[in-house]
Amino acid sequence: MLGCISAAPGTAQAPPGTGDSGYYGGNMDFNEIREGATVYLRVANPGALLYFGDAHAAQGDGELNGNALETSMDVELTVDVVPNKRIGDPRVETVTDIITMGLDGSLDDAFKEATSDMASWLEEDYKLTPSEIAQVLGTAAEYHVSEVADRNAGMVLKISKARLATIVK
């Protein structure tokens, strides 16, 4: 898995440290950013200025002690721009799940960010009403701590695509 994948933050923002994460991605250390995953990042600069690294052979949820089984890795990736798409924090899509990432100074704030961004995703792409979003989140949300070792904590919210399969986009 890749621990770091990021687009550069806005030009008015100071460059983040290598251990930082936020709306731009960064050192997210989320163990489901692996082969076959699609990562969606907000672009704040022309060309996005994408970077990635921090390869891990294995890592548990939360990266509790600040490292994992660090390794070298050959990476092949495809980059696409999704025109006119606005997102909050990073999103990840796997074969089985849609995932939002909250990255903030506390797990409580990261939890709120992940939940808010998932509600936006369900509203925009699945055309759900607020009542329907509450029903989906109340019955299908899976939360996992993705990162606690760095300055920002990470909380992910996963919803199984199988649970969403009956919803017409």
Side-chain angles (χ1 to χ4, degrees), residues 1-56 59 61-68 70-94 97-127 133 143-159 169:
M1 54 147 297
L2 285 174
C4 294
I5 185 163
S6 179
T11 55
Q13 187 175 350
T18 57
D20 283 348
S21 59
Y23 71 87
Y24 49 86
N27 191 22
M28 299 181 287
D29 285 322
F30 177 41
N31 57 16
E32 293 194 41
I33 298 177
R34 57 183 179 244
E35 186 174 1
T38 299
V39 178
Y40 299 95
L41 299 170
R42 184 188 326 175
V43 174
N45 296 285
L49 306 175
L50 185 71
Y51 74 90
F52 58 90
D54 189 23
H56 298 176
Q59 175 191 295
D61 285 348
E63 195 186 31
L64 296 175
N65 61 357
N67 56 34
E70 310 289 330
T71 188
S72 62
M73 185 180 294
D74 292 327
V75 177
E76 278 187 45
L77 57 94
T78 301
V79 177
D80 292 314
V81 175
V82 181
N84 303 314
K85 181 71 172 174
R86 298 194 183 277
I87 65 170
D89 285 319
R91 295 176 179 177
V92 179
E93 189 169 353
T94 68
D97 301 297
I98 62 171
I99 304 165
T100 53
M101 300 189 71
L103 301 161
D104 211 313
S106 73
L107 284 173
D108 286 346
D109 290 339
F111 181 94
K112 291 173 189 174
E113 284 183 16
T115 305
S116 176
D117 198 36
M118 181 60 78
S120 295
W121 196 348
L122 293 172
E123 178 184 19
E124 294 160 10
D125 290 7
Y126 291 86
K127 308 302 182 209
I133 292 167
Y143 290 92
H144 298 273
V145 175
S146 61
E147 166 75 283
V148 293
D150 296 317
R151 188 170 65 118
N152 281 336
M155 179 70 72
V156 299
L157 190 168
K158 296 171 58 169
I159 295 184
K169 285 188 184 183

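As a basis for the values below, the full set of heavy atoms in this structure was taken, side chains included, without hydrogen atoms, waters or symmetry mates.
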Trainee: Evaluate side-chain contact (heavy atoms from CB on, under 4.5 Å) for Val92 paired with Ile33, printing each intermediate quantity in order.
Mentor: CA-CA 7 Å; Val92 179; Ile33 298 177; 4.1 Å; yes

Trainee: Counting C-beta onward and ignoring hydrogens, is there a side-chain heavy-atom pair between Leu122 and Ile159 closer than 4.5 Å?
Mentor: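 The answer is yes; the side chains approach within 4.5 Å.
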
Trainee: Could you check if a side-chain atom of Thr100 sits within less than 4.5 angstrom of a side-chain atom of Ile87, using non-hydrogen atoms only?
Mentor: no

Trainee: How about Phe30 and Pro90: do any of their side-chain heavy atoms sit closer than 4.5 Å?
Mentor: no

Trainee: For the atom pair CD1 (Ile99) and OG1 (Thr38), what is the distance rounded to the nearest 0.5 Å?
Mentor: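 Here the rounded value is 10.5 Å.
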
Trainee: Between Glu113 and Phe111 (side chain of the first, backbone of the second, donor and acceptor by atom type, cut-off under 3.5 Å), is there such a pair?
Mentor: no

Trainee: Working to the nearest 0.5 angstrom, can you tell me the gap between Ser146 OG and Gln59 CD?
Mentor: 8.5 Å

Trainee: Answer yes or no: is there a side-chain heavy-atom contact under 4.5 Å between Tyr24 and Gln13?
Mentor: yes

Trainee: Rounded to the nearest 0.5 Å, what's the gap from OH on Tyr40 to CD1 on Ile98? Could you check?
Mentor: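 Tyr40 OH to Ile98 CD1: 9.5 Å, rounded to 0.5 Å.
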
Trainee: Give a yes or no on whether a salt bridge exists between Glu124 and Arg86, defined as a side-chain N under 4.0 angstrom from a carboxylate O.
Mentor: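 No salt bridge links Glu124 with Arg86.
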
Trainee: Atom CZ of Arg151 and atom OG of Ser21: how far apart are they, to the nearest 0.5 Å?
Mentor: 8.0 Å

Trainee: Any idea which heavy atoms bring Ser6 and Gly26 closest together, and the distance?
Mentor: CB-N, 3.2 Å

Trainee: Please report the closest heavy-atom contact between Thr115 and Leu157, naming both atoms and the distance.
Mentor: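 Scanning both residues completely, I find the closest heavy atoms to be CA-CD1, 3.8 Å.
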
Trainee: So which atom in Ala44 and which in Tyr23 form the shortest heavy-atom distance, rounded to 0.1 Å?
Mentor: CB-OH, 4.4 Å

Trainee: Quick check against the 3.5 Å criterion: does Glu147 have a side-chain atom that pairs as donor or acceptor with the backbone of Asn152?
Mentor: no

Trainee: Decide if atom NZ of Lys112 counts as having more than 12 heavy atoms of other residues, nucleotides or ligands within a radius under 6.0 Å.
Mentor: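 Check fails, neighbour count at 12 or below.
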
Trainee: Checking the side chain of Asn45 only, and the main-chain atoms of Pro9 only, is there a donor and an acceptor separated by less than 3.5 Å?
Mentor: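 Here the side-chain-to-backbone pair exists.
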
Trainee: Output the distance between atom CE (Met118) and atom CZ (Arg91), rounded to the nearest 0.5 Å.
Mentor: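 Met118 atom CE to Arg91 atom CZ measures 8.0 Å (nearest 0.5 Å).
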
Trainee: Is any side-chain heavy atom of Met73 closer than 4.5 Å to a side-chain heavy atom of Leu2?
Mentor: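 In contact.
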
Trainee: Does any non-hydrogen side-chain atom of Leu103 lie less than 4.5 Å from one of Met155?
Mentor: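 No, too far: nothing below the 4.5 Å cut-off.
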
Trainee: Could you tell me which non-hydrogen atom of Ala37 sits nearest to which non-hydrogen atom of Thr94, and how far apart they are?
Mentor: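 Closest approach of Ala37 to Thr94: CB-CG2, 4.4 Å.
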
Trainee: So do Asp61 and Asn31 actually touch side chain to side chain, heavy atoms under 4.5 Å?
Mentor: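 The answer is yes; the side chains approach within 4.5 Å.
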
Trainee: Any chance you could measure Lys85, atom NZ, to Arg42, atom CZ, to the nearest 0.5 Å?
Mentor: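 The CZ atom of Arg42 is 13.0 Å from NZ of Lys85, to the nearest 0.5 Å.
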
Trainee: Do the non-hydrogen side-chain atoms of Leu77 and Phe52 ever get within less than 4.5 Å of each other?
Mentor: yes

Trainee: Show the nearest heavy-atom pair for residues His56 and Ala68, with the distance to one decimal.
Mentor: ND1-CB, 3.6 Å

Trainee: Check Asn27 against Cys4 and note the closest heavy-atom contact, atom names and distance.
Mentor: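 Closest approach of Asn27 to Cys4: OD1-SG, 3.2 Å.
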
